[in-house]
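As structure tokens, the structure follows; a few thoughts come after it.
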Protein chains: 2
Amino acid sequence: MAHDSSRLADFLPYLMSVTTNAVSDMIAGEYRARFGLKIPEWRVMAVLGDAGPQTQRSLVGATRMDKVAVNRACKVLEDRGLVARSPNADDGRSHHIELTAAGKAVHGEIMPLALDMERRLFASLSAAELKDFKALLARITARVAELEGADAPKELTR
Amino acid sequence: MAHDSSRLADFLPYLMSVTTNAVSDMIAGEYRARFGLKIPEWRVMAVLGDAGPQTQRSLVGATRMDKVAVNRACKVLEDRGLVARSPNADDGRSHHIELTAAGKAVHGEIMPLALDMERRLFASLSAAELKDFKALLARITARVAELEGADAPKELTR
DNA sequence: GCAAACCGGTTGCACTAGAAACCGATTCGA
DNA sequence: TCGAATCGGTTTCTAGTGCAACCGGTTTGC
């Protein structure tokens, strides 16, 4: 289908981008169609369902999303009645966010679908290949963090 | 640093997204800082420098970008005098787009930097691991295309 | 040879995502 | 204890991205 005589087609960051976008678009489409949820919203629900109630701050760490993105996702989920905020007695600035009964029900539907999609997407990879692939991703991420620290000596690592 | 007790941290599409974004952000920052180029613009220059003059249409295929993104990138590059458009005698609707002398000079600086960054980013991977990693990405991309064809029976594959 | 369909390219518009400014609450230091 | 710095969270502003409608030019079918 593609001619791809260009070296761009061998540039690894480009290949990663193409593959990841393809995977993300597919998953995003599925969630939107079946639950009307976007990926940020889904991520928040996944973390809340698995790790229990927590503040937006800790969701930022767990999802690696921007705090604005987390805030917006929480607001949407709250408006839909999937999560609820209760005041934090220890710290008046933040709230605890937790799944409602409806949210838990959706979470119970969503996670099997997620795992099934993951299984279907990566069905052609052996268990060993999957393991290696994850390990490589982790190493690359660590390497980027390392380089960022070195390349940006005067600013925060974000 | 991270606690990550959540299953989200094992969800492969999420891991791919985190890693790819880290790599992309790093590269985008580098190009912006050194050349004032964004990734779409850089991609167009890479293809033009490697595969020679061509139409926007063929750039869309080579870069896998939206035709609007290609168009805007070309316009920016043209305004900076890095590419030039010459009328296409065969088809009055399109032009041939090619690097100018200045564009070729920038391309000559940009490609070594790109390859150097690639080398630094993936220095911790052996040649064999790199090869396997690329092969896995290709297989996953192919798999997504396959599933999209199956899952979207009534609409275009986009 | 002309109207309709089509195609490359362009423009306009809605939506998303991140940056920075902002607010109330909390902590730190003199 | 009081003022400054900090922090969690929210709002606002702006840049980027993709879709859809659009415009000229080209091909197709009658």
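Residue numbering restarts at 1 for every chain, and letters A, B, ... go by the order of the sequence lines.
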Quick one: which of dT17(D), dC19(D), dT11(D) gets closest to the side chain of Pro40(B)?
-> dT17(D)

Without decimals, in angstroms, what is the distance between [X] [atom1] and [N] [atom2]?
X: Trp42(B); N: dG16(D); atom1: CH2; atom2: C1'; answer: 19 Å
X: Asp25(B); N: dA19(C); atom1: CG; atom2: C1'; answer: 14 Å
X: Arg64(B); N: dG18(D); atom1: CZ; atom2: C1'; answer: 17 Å
X: Asp66(B); N: dT11(C); atom1: CG; atom2: C1'; answer: 13 Å
X: Asp90(A); N: dG9(D); atom1: CG; atom2: P; answer: 13 Å

Among all residues two or more places apart in sequence or in another chain, which pass the side chain to side chain donor-acceptor pair (under 3.5 Å) test with Thr20(A)?
->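 Result, side chain to side chain donor-acceptor pair (under 3.5 Å) vs Thr20(A): Thr20(B).
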
With sequence neighbours excluded, tell me which residues meet salt bridge (charged side-chain N to carboxylate O under 4.0 Å, His left out) with Arg80(A).
-> none

Of all residues at least two apart in sequence or in a different chain, which pass the salt bridge (charged side-chain N to carboxylate O under 4.0 Å, His left out) check with Arg93(A)?
-> Asp91(A)

Can you list every salt bridge (charged side-chain N to carboxylate O under 4.0 Å, His left out) pair that touches residues 32-49 of chain A, not counting sequence neighbours?
-> Glu30(A)-Arg34(A)

Sequence neighbours excluded - salt bridge (charged side-chain N to carboxylate O under 4.0 Å, His left out) pairs with any residue from residues 122-132 of chain A =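 Listed once each, the pairs are Glu129(A)-Arg139(B).
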
Which atom pairs, one a donor and one an acceptor, fall under 3.5 Å between side chains of residues 96-111 of chain B and the rest of the protein, sequence neighbours left out?
residue   : atom : partner   : partner atom : Å
Thr100(B) : OG1  : Gly81(B)  : O            : 2.6
Thr100(B) : OG1  : Leu82(B)  : O            : 3.2
Thr100(B) : OG1  : Ala102(B) : N            : 3.4
Thr100(B) : OG1  : Gly103(B) : N            : 3.0

Pairwise N/O distances under 3.5 Å, protein to nucleotides 13-16 of chain C:
residue : atom : partner  : partner atom : Å
dT16(C) : OP1  : Lys38(A) : NZ           : 3.3

Could you write nucleotides 2-9 of chain C as a row of B, S and -, 5' to 3', where a protein heavy atom under 4.0 Å of any base atom gives B, of only sugar-phosphate atoms gives S, and otherwise -?
-> -----BSB

Do Arg57(A) and Ser94(A) have side chains that get closer than 4.5 Å, going by heavy atoms?
-> no

With sequence neighbours excluded, tell me which residues meet ring-ring contact (aromatic ring centres under 6.0 Å, His included) with Phe133(A).
-> Phe133(B)

